[in-house]
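Basis for what follows: all heavy atoms, side chains included, without hydrogens, waters or symmetry-related copies. Bear in mind the structure is a predicted one, so any value in this text is a computation, not a measurement. Residue numbers count from 1 along this sequence.
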Amino acid sequence: MKYDSVLFDLDGTLWDATQAISYSWAKALEGEPDIPAPPTTGELEQVMGMTAEDLTATLFPYLSLERRMELFDKCCQVECEYLTAHGGRLYPGILEVLETLSQKVPLCIVSNCNIEYIPSFLAGHQLHAYFKDWECIGRTGLSKGENIRLVMERNHLQRPVYVGDTAMDQEAARLAGIPFLHAAYGFGKVEGAPELRSPLELLDLV
């Protein structure tokens with residue numbers, strides 16, 4: 001077997017939650033005097049995978065860092081409550097991939113998100129049984145590459161592969177010293193990496 005485990009990015013790799021996030025952020029930002037309009041679904045797609053600081057700087061460049069983070073925390077609370085209750089949109093084939101692969105190798109998630117986001121994904125779609133571990137910048141304060149290494153070390157993974165949709169994911173895998181597969185069906189563009197046009201293609205590689 002080529003890989004002994006699979007580590008996944010979340011947004012643009014396992015699901016597309018932009019519509020649900022757009023709806024929940026509009027609710028959270030309602031009545032805020034310095035927000036003329038909430039981010040559109042298209043604007044949110046452009047910032048998926050960024051850290052909170054970079055994401056809010058892109059969406060709200062006219063606000064101070066303190067104010068941006070205040071709004072981000074408020075949005076995340078409403079967002080995670082909504083996602084836990086309603087979920088997002090799983091990419092076609094993801095359930096089959098998780099069911100099949102989890103019987104063969106450990107599966108984990110590493111994402112640049114707040115601490116409640118991955119639990120919201122797992123709860124919203126009842127996926128806890130498929131994943132051995134997860135980590136995020138919101139819990140550790142570490143970069144994605146460092147969090148990949150952390151998950152590898154505590155689960156004793158020797159030959160993992162990281163699956164993600166952006167160049168940031170590719171760089172994180174490089175820094176962690178592991179192979180990378182590009183989820184080309186997601187949001188980002190990547191050069192020089194093997195492509196998955198569908199999640200189901202992963203079944204032939206693991």
Side-chain angles (χ1 to χ4, degrees), residues 1-17 45-55 57-58 76 90-91 93-94 97-98 100-122 127-206:
M1 188 175 294
K2 189 173 182 180
Y3 308 118
D4 70 350
S5 50
V6 182
L7 280 57
F8 292 95
D9 172 50
L10 181 44
D11 292 308
T13 302
L14 294 173
W15 74 349
D16 177 358
E45 287 179 357
Q46 298 302 312
V47 299
M48 287 296 174
M50 292 184 181
T51 64
E53 290 82 358
D54 290 341
L55 180 154
T58 302
C76 286
L90 297 178
Y91 285 109
I94 282 294
V97 167
L98 297 180
T100 302
L101 291 185
S102 63
Q103 298 177 36
K104 299 179 179 180
V105 296
L107 307 181
C108 306
I109 300 173
V110 181
S111 179
N112 277 342
C113 59
N114 65 79
I115 193 171
E116 297 91 0
Y117 193 70
I118 297 175
S120 297
F121 163 75
L122 297 174
L127 299 176
H128 299 84
Y130 298 130
F131 293 96
K132 183 176 183 181
D133 197 4
W134 62 267
E135 198 52 88
C136 65
I137 190 174
R139 183 159 67 176
T140 66
L142 300 175
S143 70
K144 183 174 282 188
E146 291 171 315
N147 280 327
I148 290 173
R149 292 297 308 179
L150 183 62
V151 168
M152 289 171 57
E153 290 166 6
R154 70 186 178 210
N155 291 283
H156 310 291
L157 308 178
Q158 301 300 313
R159 301 186 313 280
V161 62
Y162 189 63
V163 182
D165 68 305
T166 69
M168 291 180 287
D169 295 329
Q170 183 182 33
E171 177 64 9
R174 187 191 69 79
L175 291 174
I178 66 172
F180 173 75
L181 296 175
H182 176 215
Y185 52 85
F187 301 127
K189 296 185 182 300
V190 169
E191 295 182 359
E195 290 188 350
L196 300 173
R197 290 293 175 181
S198 161
L200 292 169
E201 293 181 8
L202 190 57
L203 296 178
D204 296 326
L205 300 176
V206 178

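For C136 against I115, the heavy-atom pair with the smallest separation is SG-CA, 3.8 Å. Considering all non-hydrogen atoms of both residues, G93 and L200 come closest at O-CD2, 3.8 Å. For P179 against P160, the heavy-atom pair with the smallest separation is CD-O, 3.3 Å. The two residues G12 and F187 make their nearest non-hydrogen contact at N-CE1, 3.5 Å. Taking every heavy atom of both residues into account, D9 and D11 meet most closely at OD2-O, 2.8 Å. The minimum heavy-atom distance between V161 and I178, with the atom names listed, is C-CD1, 4.2 Å.
A distance of 10.5 Å separates CG in D16 from CG in L10, rounded to the nearest 0.5 Å. Once rounded to the nearest 0.5 Å, the distance linking CG of L122 with NE2 of H128 reads 5.0 Å. With values rounded to the nearest 0.5 angstrom, F121 atom CZ is found 5.0 Å from F131 atom CZ. Going from atom SG of C108 over to atom CG of L150 covers 10.5 Å, rounded to the nearest 0.5 Å. Note that the OG1 atom of T100 and the CG atom of L203 stand 5.0 Å from one another [nearest 0.5 Å]. In this structure, CG in L55 is found 7.5 Å from CE in M48, a value given to the nearest 0.5 Å.
In this structure, Y185 contributes its side chain and T13 its backbone to a donor-acceptor pair below 3.5 Å. Between the side chain of D4 and the backbone N or O of Q158 there is at least one donor-acceptor pair closer than 3.5 Å. Counting only distance, with no hydrogens or angles, the side chain of N155 and the backbone of L157 share no donor-acceptor pair below 3.5 Å. The main-chain N or O of A183 is never found under 3.5 Å from a side-chain atom of D165 such that the two would form a donor-acceptor pair.
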> Could you go step by step and tell me if L98 and F8 meet the side-chain contact (heavy atoms from CB on, under 4.5 Å) rule?
Replying inline: CA-CA 11 Å; L98 297 180; F8 292 95; 4.2 Å; yes
> Should M168 and M50 be marked as a side-chain contact (heavy atoms from CB on, under 4.5 Å) after you check the CA-CA gap, both sets of side-chain angles, and the distance that decides it?
Replying inline: CA-CA 8 Å; M168 291 180 287; M50 292 184 181; 4.2 Å; yes
> Y130 and L101: side-chain contact (heavy atoms from CB on, under 4.5 Å), yes or no, with the steps?
Replying inline: CA-CA 9 Å; Y130 298 130; L101 291 185; over 6 Å; no
>> K2 vs L205, test: side-chain contact (heavy atoms from CB on, under 4.5 Å). Steps then yes/no.
In response: CA-CA 7 Å; K2 189 173 182 180; L205 300 176; over 6 Å; no
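Here R149 does not pair with E146 in a salt bridge; the nearest charged N to carboxylate O distance is not below 4.0 Å.
The environment of CD in E153 is crowded: more than 12 heavy-atom neighbours from other residues, nucleotides or ligands sit within 6.0 Å.
Classified by interplanar angle (parallel below 30°, tilted 30° to 60°, perpendicular above 60°), the ring pair F180/Y162 is tilted.
Using a 4.5 Å cut-off on side-chain heavy atoms (C-beta onward), I118 and C113 make contact.
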